Each structure stands twice: as C-alpha cells, then as structure tokens.
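One structure below.
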Amino acid sequence: MATNPYPNVTRLFTRGAILIAVVLVIGAMAAGCMTTTITSGQAGVRYSPFGGTDTSSVYGEGLNLHAPWVDVIRYDVRVQEQLENMEALSSNGLSIGTEVSIRWRPESTRLPQLHITYGTDYYRKLIGPELRSVVREVIGQFTPEQLYSTRRTELQEEIFDRVYSSVQDDDVLIEAVLIRDVRLPEQIKVAIENKLKEEQEAERYEFTIEKERLEAERKRIEAEGEATYQRIITASLTSQFLRFKGIEATQQLANSTNSKTVIIGGGDDGLPLILGGQ
C-alpha cells in the first residue's frame, strides 16, 4: 500500500482550503450585513445604535452600502389608499353611515422626521385618527338631505382641506379624499327621494305655467300689432288715395295686351269702369 510522501504539504493545503472557505463565508455574511437593496417605490431610513436615526439623508432605490451595525428601515413612498367605514351624526342627530377613501404618500425627503415621530405605522397613529375626527365633525354640519343629494361635493372638499392642513406639517401629503358612499336610515332615504320627486314635479309644473304665460303674452302682443296695423291702414284709405290708386290701376290695364273695354267715368266715384274680355 503506497504512503503519502508529503503528508505535511497535504495537511497544509487542506487547512488553507478550509481557511479560505471560512474567510469567504465570513466575507459574504459581512457583505450581506453591509448592503441593503431598496426596491422601486421605496426609500430607506438609517438607524445606528451609535448615533440614532440619521436625519441628514435618505437611502434611495438600488444597492446601498453601510456599516454592519446600521439598520435600514424601508418605507413605501408611493401613493397609498385606505378605505374607512364609520358612523357619524348629522346636524339633526341622525346616524349617517359613510364610506370614505383617502389617498396619501409620505414625503420621501422627510422620512427620518416621520420615522422619529410616528414610525412605520404612521397611518394608524396620524392619518386614520385625523380622518375619522374630521369626517364626524364635518358631517355634523349637514342635514341628511344635503348629504344625500345637493352638498356631497362640498362635504368632500371640506374634509380634504381640513385633513390636508392637519397632517402637512407631519411630513405626509394628502392626495385626495373621496366620499364613496353615504348610508341613511331606510325611512329617511325614502322620505328624501319622495321629497325630491315632488320638487321636480313642482318645478316642471311651474315651467309649464311660465311657458303658457309667455305664449299668451306673445299672442297678445301679436294681436295688438295686428290691430295697430289695421288702424294705420284704415286711416290711410281716404277717397283721394283710392281715386289715385284707381287711376294708376287703369293706366296699367290700358297698357296691357289683354282685351278690355274702358268706360271713362262709369264708376260711382267717377273712376273709370273697366270691362275686360278674354
């Protein structure tokens, strides 16, 4: 059986290979602890036990290098949406069900301040409570009829303005607030729909009356114009004017090629009497 003539060399090579493998493993682990990948639509806040939250900069998308003891907290900086269902009281004390959608995004350049003040669950601590408070307060200014029909747009705009101004100093930008649904008690809903129907019928009736009134006024003005016209014509038909027109007509007939007989002075008023043939 052959023996290894270089046992020390083999042992040294084996130990070197093991050492290289250990170094590679440790290097890979260290590299993993020293890099953080920020995906699309995210930003990162750096925290170190030696200095706290880094408020001077924010990690952007891509591969970022940092010390092994630095922790990177990722934030979604895209526009986000949350649907809230809640109950509120109208101005006359009736319970109104509402479905409100809010869209927002954190200001990426100010994420460290947002992280220090509220943390990653800032919606639960900041946006949600503010939205619910504003919705209940604003709905309390309206009647059920206004919420159901005429003033829903005004309600939506007022909620947006107040929520926007409330959270803008906390590094969050509100994009939109939408009233998805307003739910009234069934008997109130039926009463409002009946009232709206009656108002539409009344408006249609008033329109018809106004239309008829205008038509009657038009006919009266037309009749007065016709009467005035007849008075003017009657006043202008004097005997001299009629005699002049008769002479004028006689001259035109006399010059025509039709066969006729003209008797001068044959009429009762002294005008020519014309007997026409074929």
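Just so you know, residue 1 is the first one in the sequence shown, and it goes up from there. None of these values were measured; they are calculated from a predicted model.
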Heavy-atom closest contact ([X] atom, [Y] atom, distance):
X    : Y    : result
P112 : V58  : CD-CG2, 3.5 Å
S95  : E87  : OG-OE1, 3.0 Å
F142 : S90  : O-CB, 3.4 Å
P49  : W69  : CD-O, 3.3 Å
P106 : L111 : CB-CD2, 3.9 Å
A43  : V77  : CB-CG1, 3.9 Å

Would you check if the side chain of [X] reaches a backbone N or O of [Y] as a donor-acceptor pair within less than 3.5 Å?
X    : Y    : value
T98  : V100 : no
D76  : R78  : yes
Q113 : T109 : no
N64  : G62  : yes

Once rounded to the nearest 0.5 Å, what's the spacing between atom [atom1] of [X] and atom [atom2] of [Y]?
X    : Y    : atom1 : atom2 : answer
E84  : R132 : CD    : CZ    : 4.5 Å
I102 : L131 : CD1   : CG    : 4.5 Å
L126 : L114 : CG    : CG    : 7.5 Å
R152 : D181 : CZ    : CG    : 6.5 Å
L65  : Y59  : CG    : OH    : 7.5 Å
L173 : R110 : CG    : CZ    : 12.5 Å

Residues [X] and [Y]: side-chain donor-acceptor under 3.5 angstrom:
X    : Y    : value
S57  : R46  : yes
E130 : S133 : no
W104 : Y122 : yes
S101 : E81  : yes

Under the criterion side chain to side chain contact (heavy atoms under 4.5 Å, CB included), I'd like the reasoning laid out for V72 against V45: C-alpha separation, chi angles, the key distance, then a yes or no. CA-CA 5 Å; V72 179; V45 176; over 6 Å; no

Could you go through the side chain to side chain contact (heavy atoms under 4.5 Å, CB included) check for E215 and K211 one step at a time? CA-CA 6 Å; E215 179 64 17; K211 180 180 178 182; 5.8 Å; no

Please walk me through it: do T153 and Q156 pass side chain to side chain donor-acceptor pair (under 3.5 Å)? CA-CA 5 Å; T153 301; Q156 181 172 284; over 6 Å; no

I'd like to know whether OH of Y164 has more than 12 heavy-atom contacts from other residues, nucleotides or ligands below 6.0 angstrom. no

Please tell me if the side chains of [X] and [Y] come closer than 4.5 Å, counting only heavy atoms from C-beta onward.
X    : Y    : result
D170 : E107 : no
S48  : D54  : no
R103 : V177 : no

For a side-chain hydrogen bond (donor to acceptor under 3.5 Å, both in side chains) with Y75, tell me which candidate from Q42, R105, H115 qualifies. H115

Cationic N near anionic O, under 4.0 Å, E222 to K219: no

Any salt bridge between R213 and E217, counting N to O under 4.0 Å? no

Side chain to side chain contact (heavy atoms under 4.5 Å, CB included) for V167 and I174? Distances and angles first, verdict last. CA-CA 8 Å; V167 304; I174 303 300; 3.4 Å; yes

Step by step, would you call V163 with E158 a side chain to side chain contact (heavy atoms under 4.5 Å, CB included)? CA-CA 9 Å; V163 175; E158 184 170 351; over 6 Å; no

According to a 4.5 Å side-chain heavy-atom criterion applied to Ile, Leu, Val, Met, Phe, Trp and Tyr, with indirect links allowed, do I139 and M86 form part of one hydrophobic cluster? yes

Between E137 and R162, does a salt bridge (Lys or Arg N to Asp or Glu O under 4.0 Å) hold up when you go through it step by step? CA-CA 10 Å; E137 186 174 345; R162 294 179 62 170; 2.8 Å; yes

